[in-house]
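To find a chain, count down the sequence lines: A is the first, B the second, and so on, and within it residues start at 1.
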There are 2 protein chains.
Amino acid sequence: MARPPAARTKVLDAYISLLCEEGERAATLEAAATRAGVSKGGLLYHFASKEALAAGVIESTEEHVQLDLDRMHEAAEGASVYYVQTSAEVDTELDRHLVAVQRLAQAGVGSAAAMLEDVHARWLQLILDEVGDPAIAHLVILIGEGLYAHLAMPGSWYQSNFEGRLKELLELVPQLKKLKELNE
Amino acid sequence: MARPPAARTKVLDAYISLLCEEGERAATLEAAATRAGVSKGGLLYHFASKEALAAGVIESTEEHVQLDLDRMHEAAEGASVYYVQTSAEVDTELDRHLVAVQRLAQAGVGSAAAMLEDVHARWLQLILDEVGDPAIAHLVILIGEGLYAHLAMPGSWYQSNFEGRLKELLELVPQLKKLKELNE
DNA sequence: GTAACTATACCAACCGGACGGTATAGTTAC
DNA sequence: GTAACTATACCGTCCGGTTGGTATAGTTAC
């Protein structure tokens, strides 16, 4: 191997950015190549098809997810709080990847949808391990999902209405565990 | 004047179905026309452009949203519970419309994104009127959003994991109001 | 009352552009 | 000399939109 495949990484990153910022429809092969500063031929040298590109995104995402799950497992603040907090983070590499995968899933890429299901299942398991009760775990997952949906949506409604309230929200999350007792 | 424009309604319904079931990319003019049992030309007679079709969906959605907000305002079980419950309903006309608008928003249709922001703001206001505390209202909105995100996602993970747990969840929602006191 | 005309509600065929993908010939860095 | 590209040209397909036409029902003029 002579030179390291610099283009491969750049193309993947550009494609993810396009998916996040412009949507799946705008994320064409040529647009990805241009944004990556690579020729279309160069892109297709590394990713033989658009499907292969999507697979590349998913593969790269899986690595980030695995790291996140490890951190979540060992988080001092608990899995639930960690999960909600990271769901609200916009600028991490993991979130960029997950938004991209979400876009792919909604565009009909089956493996992307499957991956999201799998990730959700793994998140749920860790939260369930912490909080014990399935209904509470359900609640926590939904809150994270809700935050996530806002991030994945174009527009700034979330920013202007919930900004700064995140800290307050995170303080409420550990209290959710008490709900079950309260309910009985 | 003469015949009623039967095609118009059928086309709108077909386009919404396509957006929900197959995604924005598959929701082409020809696909919508075919599903509506109309020629492409016939479709374009009623909706001069794809943009006009989207506008038709949004307009139709606005009517359903208005009805829902009225019902939410007068719901005996309270705005929060009503909101979460209806967020989990898959088969209503309103949800079909909202999923369609969401798909449009993520495909870059600005007016669709604007509408969703507006609807969220109105939902939040009603919930805030009920629960008083902004952080709790925040929480409720996010739970509904989370449910909604699952519905809008292809795949059946939600069905197999959360099915039947909705009742339990809905019982927890009114308890959320107590969180604030608990926290102090 | 009927012929001429208008408006509505479509359909079928086509056009231009974009996009995914192929092919090929040449270039650069190690 | 080989992996990692660039550059360009091209093909088939699909998609949004245009055009030209048809059928039907109501409206007007006489």
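Atom CG in B:Leu53 sits roughly 12 Å away from atom C1' in D:dG16 (whole-Å rounding). Between B:Phe47 atom CZ and C:dC10 atom P the separation is 11 Å, expressed in whole Å. As a whole-Å value, the separation of A:Tyr45 OH from C:dT22 C1' is 17 Å. With rounding to whole Å, B:Lys50 atom NZ is found 8 Å from D:dG16 atom C1'. Rounded to an integer number of Å, the gap from B:Glu51 CD to D:dC15 C1' is 16 Å. One interatomic measurement links the two molecules: CZ of A:Arg25 to C1' of D:dC14, which rounds to 10 Å at whole-angstrom precision.
Sequence order on DNA chain C of the closest nucleotides to A:Thr28 and A:Leu44 puts A:Thr28 first from the 5' end.
Side-chain atoms of A:Tyr83 come within 3.5 Å of backbone atoms of A:Ile141 as a donor-acceptor pair (strictly under, hydrogens ignored). Counting only distance, with no hydrogens or angles, the side chain of A:Thr92 and the backbone of A:Glu89 share no donor-acceptor pair below 3.5 Å. Although no hydrogens or angles enter the test, the distance criterion places no donor-acceptor pair under 3.5 Å between the side chain of A:Arg165 and the main chain of B:Ala135.
Judged as a salt bridge (charged side-chain N to carboxylate O under 4.0 Å, His left out), and not counting sequence neighbours, the contacts of A:Glu21 are A:Arg35. Residues passing the salt bridge (charged side-chain N to carboxylate O under 4.0 Å, His left out) test with A:Asp129: none are found, sequence neighbours excluded. With sequence neighbours left out, the salt bridge (charged side-chain N to carboxylate O under 4.0 Å, His left out) criterion links A:Arg25 to B:Glu24. Residues passing the side-chain hydrogen bond (donor to acceptor under 3.5 Å, both in side chains) test with A:Gln102, sequence neighbours excluded: none.
Taking a pair as Watson-Crick or G-U wobble with both distances under 3.5 Å, the runs of three or more consecutive pairs in DNA chain D are C:1-30 with D:1-30.
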Please enumerate all protein N or O atoms sitting under 3.5 Å from an N or O of nucleotides 11-14 of chain C, with distances to 0.1 Å.
{"residue": "C:dC11", "atom": "OP2", "partner": "B:Ser39", "partner atom": "N", "Å": "2.6"}
{"residue": "C:dC11", "atom": "OP2", "partner": "B:Ser39", "partner atom": "OG", "Å": "2.5"}
{"residue": "C:dC11", "atom": "O5'", "partner": "B:Ser39", "partner atom": "OG", "Å": "3.1"}

Yes or no on side chain to side chain contact (heavy atoms under 4.5 Å, CB included) for B:Glu145 and A:Tyr148, after CA distance, side-chain angles and deciding distance? CA-CA 9 Å; B:Glu145 283 293 289; A:Tyr148 212 79; over 6 Å; no
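Residue contacts shown for B:Leu29 are limited to sugar-phosphate atoms, with no base heavy atom under 4.0 Å away.
Checking the phosphate oxygens (OP1, OP2) of D:dC5, a side-chain nitrogen or oxygen of A:His46 falls inside 4.0 Å.
For B:Ser17 and B:Arg96, the side-chain atoms include at least one donor-acceptor pair closer than 3.5 Å.
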